[in-house]
Amino acid sequence: MTEQELQRRETLGKLREMGIDPYPAEMFPVSHLASEILENYQEEVLEDGTKNRLNYQEVALAGRVMASREAGKALFMNLQDSSGRIQLYFRRDNFLDGDEAPMFDTVLKKLIDLGDYIGVKGYAFRTKTGETSIHVSEYKFLSKTLRPLPVVKTDAEGNVHDAFTDPELRYRMRYVDLTVNTSYREIFIKRSRLIRTMREYLDELGLLEVETPILQPIHGGAAARPFTTHHNTLDMTLYLRIANELYLKRLIVAGFDGVYEFAKMFRNEGMDRTHNPEFTALEFYVAYKDYNWMMEVTEQMLERVARALNAAGNATAQVEDQTINFAGPYRRLTMFDAIKEYTGINVETADEAELRTYCRSEHIHIDETMGKAKLIDEIFGEKVEHHLVQPTFLIDYPVEMSPLTKKHRSKPGLVERFELFVNGKEVANAYSELNDPIDQRERFEEQLRLAARGDEEAMAMDEDFIRALEYGMPPTAGIGFGIDRLAMLFTGQASIQEVLFFPQMRPESLH
RNA sequence: GAUUCCGUAGCUCAGUCGGUAGAGCACUUGACUUUUAAUCAAGUGGUCAUGGGUUCGAGCCCCAUCGGGAUCACCA
């Protein structure tokens, strides 16, 4: 234990010796938050120069002591609650017990450490330097902090000193991070509001919020490597879901007109600043609609989200030096037109050999197993994707890349699919759902052939899903959004770790 | 998984050519009844990530390991 930790354990013992419970059980009746008093406190100056305090003359607040400044027989503290920080003012005269003042000289000055929780009662006033404060008449010790918090200070010019910045420590000890770097709380409040706004919109559309299995015997609905686990009683392998798409479509078969789920997905793949092994998706499916309808819904929903998260109510988000406008309609660009625009290549007429030659000349990483569709996808990723900063629907993909998507109504070889790109990254993937069970079986069989050639991410055959389609699924539009990516966009963060409370980390050795 | 940078006090960081381990804040003691990055005075605090190696001598040079960041690969 460090010296400061030992000292705090000593003060803990001294509190007990004085009959003060460092971890009392009973509730403390909080009446106000710091920010409310700071914003609304009022006083008037009378003709004789004295002040008349107009409100908050009987308040009770609670929080952590984040700074303490002794000034002789006066003492100032900064109390931090969930809303912010307010200054406390204590005078020795208010805590006299005969000539002694143990609750001032001993407890306040010696036994309360930075980070400790206290509750105070008193009245609001303004000091002669103009700081709205609480004049404390009584206080109660609420909880002891045994480890020293990092002391982050901000000076008069707004410069932050000794900021707690080490990413490893911040992510491992998010409780410390959010205590001392309170501005990061705003990211998570916005993330919560993002989800709530989407949920409100979907509820207004009349969709049903549902839950589907996380433990799945067949990992379907996406191309990714799964986590594997084992169920003891059933003695069988189960997979943590990489997608919930096939279950949600079963519910459309079941007769619900629209279903949605905010779902944690798990993918056993690399980690970087846009990928965490578990992440959150919103998927929803609506009967009797197609992907054109879904584009309009996407525009409406994201515009509403943007306005809800923007302080001024604008439909924009700021990402570094880019201002992104979420007011619809968004640009719609076919995959082939996008490649033509940014490379000059007509992939519709080019054959596989021509695409290969182009890729080599542009140093795009390819291998011999890639077919024409995969080559198109690689060219798009290298040459087009990063240009799509403002929200753009990329539409009409080659059928080979989309085994769950309905064939295009008029363009042979393509499917009715779109992906939404914002700030050069994919944030949503949607299609007119494939509901032809015979076509679906052929698509799965094609996936099996890919798997046999060594494609680890090819989808497995799901006989029960085929059976469900054979019972009949109405024409349906479906979409999946990456919630973490959206949270990054709307909070201006470059790393997914900043929008997750507890990003995945290697284990830490704690003795 | 590959490459690369980083790891020194509770926090943020210095540390020269390889020669006794440093600063600010925090902490301890004292002064001060409207201070606010409070101030003033005096102090405490270190397995220099871990383990080897080279050397008379390693925070510094070499090797390995652990952890983190960035870039790449895979992916959303």
Side-chain angles (χ1 to χ4, degrees), chain A residues 1-8 10-11 66-78 85-95 101 104 109-110 113-115 125-133 135 145-173 176-177 180-181 222-225 242-243 265-283 365 367 381 419-421 425-429 456-457 480-486 488 494-497 503 505-509:
Chain A
M1 240 183 288
T2 67
E3 183 186 37
Q4 293 194 42
E5 289 175 272
L6 290 169
Q7 284 164 357
R8 282 167 182 250
E10 278 174 36
T11 64
M66 296 302 282
S68 182
R69 295 177 292 280
E70 286 179 39
K73 294 180 176 61
L75 177 65
F76 297 88
M77 287 182 175
N78 292 345
R85 287 189 187 187
I86 192 164
Q87 177 168 271
L88 306 179
Y89 172 59
F90 300 81
R91 319 168 47 98
R92 190 173 186 273
D93 300 346
N94 290 343
F95 300 93
F104 187 88
K109 292 179 78 167
K110 309 273 187 194
D113 293 312
L114 296 191
F125 75 111
R126 201 162 280 155
T127 66
K128 69 183 182 189
T129 53
E131 173 111 7
T132 301
S133 309
H135 185 117
T145 297
L146 292 180
R147 292 173 184 258
L149 285 169
V151 178
V152 180
K153 293 188 176 182
T154 307
D155 65 22
E157 284 82 48
N159 301 312
V160 177
H161 299 263
D162 299 326
F164 180 62
T165 52
D166 184 330
E168 177 172 6
L169 296 178
R170 285 186 50 229
Y171 302 149
R172 286 197 196 282
M173 298 192 288
V176 174
D177 181 33
V180 303
N181 298 326
R225 292 210 305 273
I242 57 172
M265 308 295 186
F266 307 86
R267 298 192 182 175
N268 204 344
E269 286 165 348
M271 295 166 58
D272 60 29
R273 69 177 204 288
T274 56
H275 297 85
N276 194 65
E278 58 182 286
F279 64 100
T280 304
L282 162 66
E283 298 219 359
H365 175 79
D367 63 55
E419 291 186 310
L420 175 63
F421 288 86
K425 295 184 185 68
E426 183 200 335
V427 299
N429 180 20
E456 287 185 56
E457 294 175 346
F481 287 89
I483 295 296
D484 311 283
R485 297 270 173 89
L486 285 176
M488 289 165 66
S495 167
I496 196 170
Q497 296 173 110
M505 304 281 276
R506 284 198 165 83
E508 175 188 18
S509 65

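Chain A is the first sequence line, chain B the second, and so forth, proteins listed ahead of strands; every chain is numbered from 1.
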Across the strands shown, which category fits [X] at heavy-atom distances under 4.0 angstrom: base, sugar-phosphate, nothing?
| X | answer |
| --- | --- |
| A/Ala71 | base |
| A/Leu169 | sugar-phosphate |
| A/Arg172 | sugar-phosphate |
| A/Leu114 | sugar-phosphate |

Original post:
Do you know which two heavy atoms are closest between A/Arg485 and A/Glu426, and how far apart they sit?
Top reply: NH1-O, 3.4 Å
Selection from [options] that lies nearest to any side-chain heavy atom of [X]:
| X | options | result |
| --- | --- | --- |
| A/Glu70 | B/C32, B/G67, B/A76 | B/C32 |
| A/Tyr89 | B/A76, B/U34, B/A73 | B/U34 |
| A/Arg506 | B/G67, B/U35, B/A37 | B/G67 |
| A/Pro148 | B/A70, B/G45, B/G10 | B/G10 |
| A/Ser133 | B/G69, B/U35, B/U12 | B/U35 |
| A/Thr165 | B/C11, B/C13, B/G68 | B/C13 |
| A/Glu168 | B/G68, B/A37, B/G69 | B/G68 |
| A/Phe125 | B/C13, B/U33, B/U34 | B/U34 |

**OP:** For nucleotides B/U28 and B/A9, find the distance between their C1' atoms and express it as a whole number of Å.
**Re:** 15 Å
**OP:** May I have the distance from A/Leu149 (atom CG) to B/C11 (atom P), rounded to whole angstrom?
**Re:** 11 Å
**OP:** Write down the distance between CD (A/Gln4) and P (B/G46), rounded to a whole number of angstrom.
**Re:** 12 Å
Original post:
Ignoring hydrogens and angles, are the base of B/G68 and the side chain of A/Asp166 linked by a donor-acceptor pair under 3.5 Å?
Top reply: no
Subject >> Side-chain donor/acceptor contact of A/Gln87 with base of B/U35 under 3.5 Å >> reply: yes
Original post:
Is there side-chain contact between A/Ile496 and A/Pro503, with heavy atoms separated by less than 4.5 Å?
Top reply: no
Original post:
Below 4.5 Å, heavy atoms only, C-beta onward: do A/Val151 and A/Leu114 meet side chain to side chain?
Top reply: yes
Original post:
Considering heavy-atom distances to RNA chain B, does A/Ala74 or A/Glu419 have its closest nucleotide positioned more toward the 5' end?
Top reply: A/Ala74
Original post:
When the nearest nucleotide of RNA chain B is assigned to A/Arg91 and to A/Arg485 on a heavy-atom basis, which residue is associated with the more 5' position?
Top reply: A/Arg91
Original post:
If you round to the nearest 0.5 Å, how far is CG of A/Asp484 from CG of A/Asn276?
Top reply: 7.5 Å
**OP:** Give the ring-plane orientation class for A/His135 versus A/Tyr89, where under 30° counts as parallel, over 60° as perpendicular and anything between as tilted.
**Re:** perpendicular
Original post:
Is the ring centre of A/Phe76 under 5.5 Å from the base ring centre of B/A38, and are the two planes under 30° apart, so that they stack?
Top reply: no
